[in-house]
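Because only heavy atoms are used, hydrogens play no part in the values below, and waters and symmetry mates are left out as well, while side chains stay in.
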Amino acid sequence: MLLVLSEEHKEHLAFLPQVDAAVGEFGRIALEFLRRGTNPKIYEGAARKLCVPVEMVQHGVEGLMFLMTESSKHMISEVDFLDSVLVLGFGEELNQTLLQLYLQHHSQIRSILSQLPSNLPAYHNLEWRLDVQLASRAVRQQVVPMLTLRLLLTGGGNGGNDRSGRVLQTDPSTLLHLISTLEAALAAMKTSHARRIFRNIK
């Protein structure tokens with residue numbers, strides 16, 4: 001999977017080549033941002049050391065934090081990460097520095113993200129039942145299988161611990177078709193053609 005960076009994020013990250021040696025420090029600031037929230041004093045101190053505007057440092061940290069959190073959230077591979085940052089036009093050395101930063105901190109970032117409250121429901125459990133109708137008043141002998149799925153979700157409410165359920169019904173052939181379609185889509189995402197398309201999406 002490749003990340004699709006917006007023009008705004010590209011602009012924020014465009015600052016990094018100017019502070020190549022300080023990218024590791026920017027990564028540390030981004031982690032602190034995730035843990036404790038934004039701190040203007042940290043931005044001001046970094047801006048003084050680099051002799052650049054505070055807004056430039058803030059945007060650079062926010063852009064780097066987005067890159068690291070999205071990459072960690074989707075657990076993208078090293079190859080996908082490098083392909084994702086290729087659109088930024090950085091040199092090989094800076095790309096490798098960003099990759100090492102991602103590999104070094106992605107487990108920690110995922111741990112922090114898992115503790116943050118979310119308004120989106122998350123998977124909790126899946127229950128299923130297979131029903132088979134063998135006969136009806138109109139047809140004495142028939143086999144009509146039907147799969148009933150109950151998807152249990154957590155979160156999504158104000159408290160974050162709310163539980164909800166969604167009941168879905170389908171026949172086995174439709175389910176198999178859905179599975180094969182999703183597997184084909186995932187396989188297509190890994191092809192070089194798909195990578196070129198994502199690389200040129202703006």
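Not a single side-chain contact (heavy atoms from CB on, under 4.5 Å) links Ser107 to another residue, sequence neighbours left out. Scored by the salt bridge (Lys or Arg N to Asp or Glu O under 4.0 Å) test, Arg150 finds Glu127 as partners (sequence neighbours excluded). Partners of Ser164 under the side chain to side chain donor-acceptor pair (under 3.5 Å) rule, at least two apart in sequence or in another chain, do not exist in this structure. Considering only residues two or more places apart in sequence or on other chains, His105 meets the ring pair (Phe, Tyr, Trp, His ring centres under 6.0 Å) condition with none of them. Scored by the side chain to side chain donor-acceptor pair (under 3.5 Å) test, Gln108 finds no partners at all (sequence neighbours excluded). With sequence neighbours excluded, no residue forms a side chain to side chain donor-acceptor pair (under 3.5 Å) with His177. Applying the ring pair (Phe, Tyr, Trp, His ring centres under 6.0 Å) test to Phe66 and every residue at least two apart in sequence or in another chain returns His9. Arg166 is linked by a side chain to side chain donor-acceptor pair (under 3.5 Å) to nothing, counting only residues two or more places apart in sequence or in another chain. Residues meeting the side-chain contact (heavy atoms from CB on, under 4.5 Å) test with Gln96, sequence neighbours left out: Leu82, Glu92, Leu99, Gln100.
Atoms CH2 and CG, from Trp128 and Leu147 in turn, are 7.0 Å apart once rounded to the nearest 0.5 Å. Atoms CG and CG, on Asn125 and Leu151 in that order, are 9.0 Å from each other to the nearest 0.5 Å. Atom CD1 of Ile109 sits about 8.5 Å away from atom OH of Tyr102, to the nearest 0.5 Å. The line from CD of Gln169 to CG of Leu175 is 12.5 Å long, rounded to the nearest 0.5 Å. Between the CD atom in Glu78 and the CG atom in Asp83 there is a gap of 12.0 Å [rounded to 0.5 Å].
Leu149 is not connected to Leu176 by any chain of hydrophobic side-chain contacts under 4.5 Å among Ile, Leu, Val, Met, Phe, Trp and Tyr, and they are in different clusters. In the hydrophobic cluster analysis, where Ile, Leu, Val, Met, Phe, Trp and Tyr join through side-chain heavy atoms closer than 4.5 angstrom, Met75 is grouped apart from Leu101.
The hydrophobic side chain of Leu152 is isolated, with no ILVMFWY side chain under 4.5 Å apart from it. Counting Ile, Leu, Val, Met, Phe, Trp and Tyr side chains that sit under 4.5 Å apart, directly or through other members, Leu182 shares a hydrophobic cluster with Leu178.
The heavy-atom pair separating Asp171 from Met146 by the smallest distance is N-SD, 3.9 Å. Between Pro172 and Pro145, the shortest heavy-atom distance links the atoms CD-O, 3.7 Å.
A donor-acceptor pair under 3.5 Å is absent between the side-chain atoms of His59 and the main chain of Met56, judged by distance alone.
The closest side-chain heavy-atom distance from His124 to Thr154 is below 4.5 Å. Contact check for Val132 versus Leu134: side-chain heavy atoms found under the 4.5 Å cut-off. Contact of the Phe81 side chain with the Met68 side chain is registered, since non-hydrogen atoms from C-beta on lie closer than 4.5 Å. Residues Leu168 and Thr148 are not in side-chain contact: their nearest non-hydrogen atoms beyond the backbone lie 4.5 Å or more apart.
The salt bridge (Lys or Arg N to Asp or Glu O under 4.0 Å) contacts involving residues 54-77 comprise Glu70-Lys73, where partners must be two or more places apart or lie in separate chains.
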